[in-house]
Amino acid sequence: MAARGEPVGIRKQPVADAEAFDRFYLHWEPQVRRYLLWLVGDRAIVEDAAQETMLAAHTYWQQVNTLRKPQAWLFKVAGQRLQRVQAARQRHGLSTDPNELPHSHGPDDMGLRERELVLLEAVRKLPDRQRTAIALRWQLDLPNDEIAAVMGVSPNSVKTYLRLGRATLETLLSDVSGGEQ
């Protein structure tokens, strides 16, 4: 029976589950944002996709909380939500500018910022699967088996995407630097 003032049919989440989700959210939400930033540069898209991802995690918390590696589920959902948000924004004629980056927190080192922009621009030129594998490895330091779970491919495919992605980045970055490394 619902307590006075509570909607009928809605169960309260147990306190332990709510605390577990809060810890999960505080740990993984910033990492979801970083991952999405590596895939696209538009802050509005990253914000929307990250918010939708964490909302999905909350909605399915009872199942997510029992997964051995919930981060694999989380990053897979983040990629799906990213595609949805991008499609919705394009349908509505909103910005999908891939060059917008959030400002760094800390001392403003223009040389470092410029190198970061060049690297992110190069990463965003990679084919989708290479870009996803590179972002999951470089930003989140996920092992191949977790990247494979996120991408729905084998660990050997992940190795291939990472190798091809690094080779392509090397070429792209040497073109930008005029052959200087």
Side-chain angles (χ1 to χ4, degrees), residues 13 17 20-92 94-102 116 119-173:
Q13 190 178 29
D17 279 353
F21 180 78
D22 289 348
R23 285 190 305 275
F24 178 84
Y25 181 92
L26 290 172
H27 178 77
W28 289 107
E29 192 272 347
Q31 295 185 54
V32 166
R33 285 177 191 274
R34 272 198 316 268
Y35 166 62
L36 293 172
L37 181 63
W38 273 65
L39 300 181
V40 299
D42 187 312
R43 245 186 301 181
I45 291 175
V46 168
E47 295 289 325
D48 289 351
Q51 185 176 24
E52 286 191 21
T53 300
M54 298 314 289
L55 179 61
H58 186 265
T59 301
Y60 298 105
W61 181 242
Q62 295 302 318
Q63 294 88 358
V64 172
N65 194 30
T66 62
L67 295 173
R68 200 179 66 154
K69 293 184 179 181
Q71 63 271 28
W73 178 90
L74 189 66
F75 292 114
K76 186 171 198 165
V77 169
Q80 294 167 346
R81 294 306 192 265
L82 176 65
Q83 290 175 347
R84 282 188 194 175
V85 168
Q86 286 177 310
R89 290 181 69 80
Q90 287 174 343
R91 276 194 310 272
H92 296 2
L94 299 172
S95 170
T96 56
D97 180 10
N99 295 313
E100 183 182 338
L101 277 177
E116 179 184 54
L119 175 62
L120 285 174
E121 185 178 323
V123 168
R124 291 182 190 130
K125 290 179 181 176
L126 293 173
D128 288 344
R129 291 196 177 263
Q130 291 175 28
R131 182 176 61 237
T132 299
I134 292 284
L136 290 168
R137 170 58 54 81
W138 289 3
Q139 267 299 269
L140 302 168
D141 201 27
L142 293 182
N144 289 351
D145 62 327
E146 289 184 35
I147 295 171
V150 170
M151 296 178 67
V153 299
S154 72
N156 284 335
S157 294
V158 170
K159 289 178 188 177
T160 300
Y161 295 137
L162 289 169
R163 182 179 48 76
L164 292 172
R166 283 190 298 266
T168 304
L169 283 172
E170 196 173 298
T171 300
L172 290 170
L173 294 172

Restricting to non-hydrogen atoms, name the atom on [X] and the atom on [Y] that form the minimum distance, rounded to 0.1 Å.
X: V32; Y: M54; result: CG2-SD, 4.3 Å
X: L67; Y: P70; result: O-CD, 3.5 Å
X: A57; Y: F21; result: C-CE1, 3.8 Å
X: T66; Y: Q63; result: OG1-O, 2.7 Å
X: L126; Y: R131; result: O-NH1, 3.2 Å
X: A50; Y: L36; result: N-CD1, 3.6 Å

How long is the gap from [atom1] on [X] to [atom2] on [Y], to the nearest 0.5 Å?
X: Y161; Y: N156; atom1: OH; atom2: CG; result: 11.5 Å
X: I45; Y: L39; atom1: CD1; atom2: CG; result: 11.0 Å
X: L119; Y: L169; atom1: CG; atom2: CG; result: 6.5 Å
X: R124; Y: I134; atom1: CZ; atom2: CD1; result: 14.0 Å
X: I147; Y: L140; atom1: CD1; atom2: CG; result: 8.5 Å
X: T168; Y: K125; atom1: OG1; atom2: NZ; result: 12.0 Å

Qualifying ring-ring contact (aromatic ring centres under 6.0 Å, His included) pairs, either residue in residues 66-88, two or more places apart:
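Output for this query lists W28-F75, Y35-F75.
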Any donor-acceptor pair under 3.5 Å from R137 side chain to P143 backbone
no
Please list, chain by chain and in numerical order, all residues satisfying side-chain contact (heavy atoms from CB on, under 4.5 Å) with A149, sequence neighbours excluded.
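In terms of side-chain contact (heavy atoms from CB on, under 4.5 Å), with neighbours along the sequence ignored, A149 is linked to A72.
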Stepwise side chain to side chain contact (heavy atoms under 4.5 Å, CB included) check, V64 with F24:
CA-CA 10 Å; V64 172; F24 178 84; 4.3 Å; yes
Counterpart residues, side-chain hydrogen bond (donor to acceptor under 3.5 Å, both in side chains), relative to E29 (two or more places apart):
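E29 satisfies side-chain hydrogen bond (donor to acceptor under 3.5 Å, both in side chains) with R33 once adjacent residues are dropped.
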Residue set satisfying side-chain hydrogen bond (donor to acceptor under 3.5 Å, both in side chains) with Q31, at least two apart, ordered chain then number -> H27
Do any pairs count as a salt bridge (charged side-chain N to carboxylate O under 4.0 Å, His left out) and have a residue in residues 149-168, sequence neighbours left out, and if so which ones?
none
Answer yes or no: is there a side-chain heavy-atom contact under 4.5 Å between L162 and N144?
yes
Side-chain heavy atoms of T132 within contact of R129, under 4.5 Å:
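No, side chains not in contact.
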Looking at residues at least two apart in the chain, or sitting in another chain, which of them share a salt bridge (Lys or Arg N to Asp or Glu O under 4.0 Å) with E146?
K69
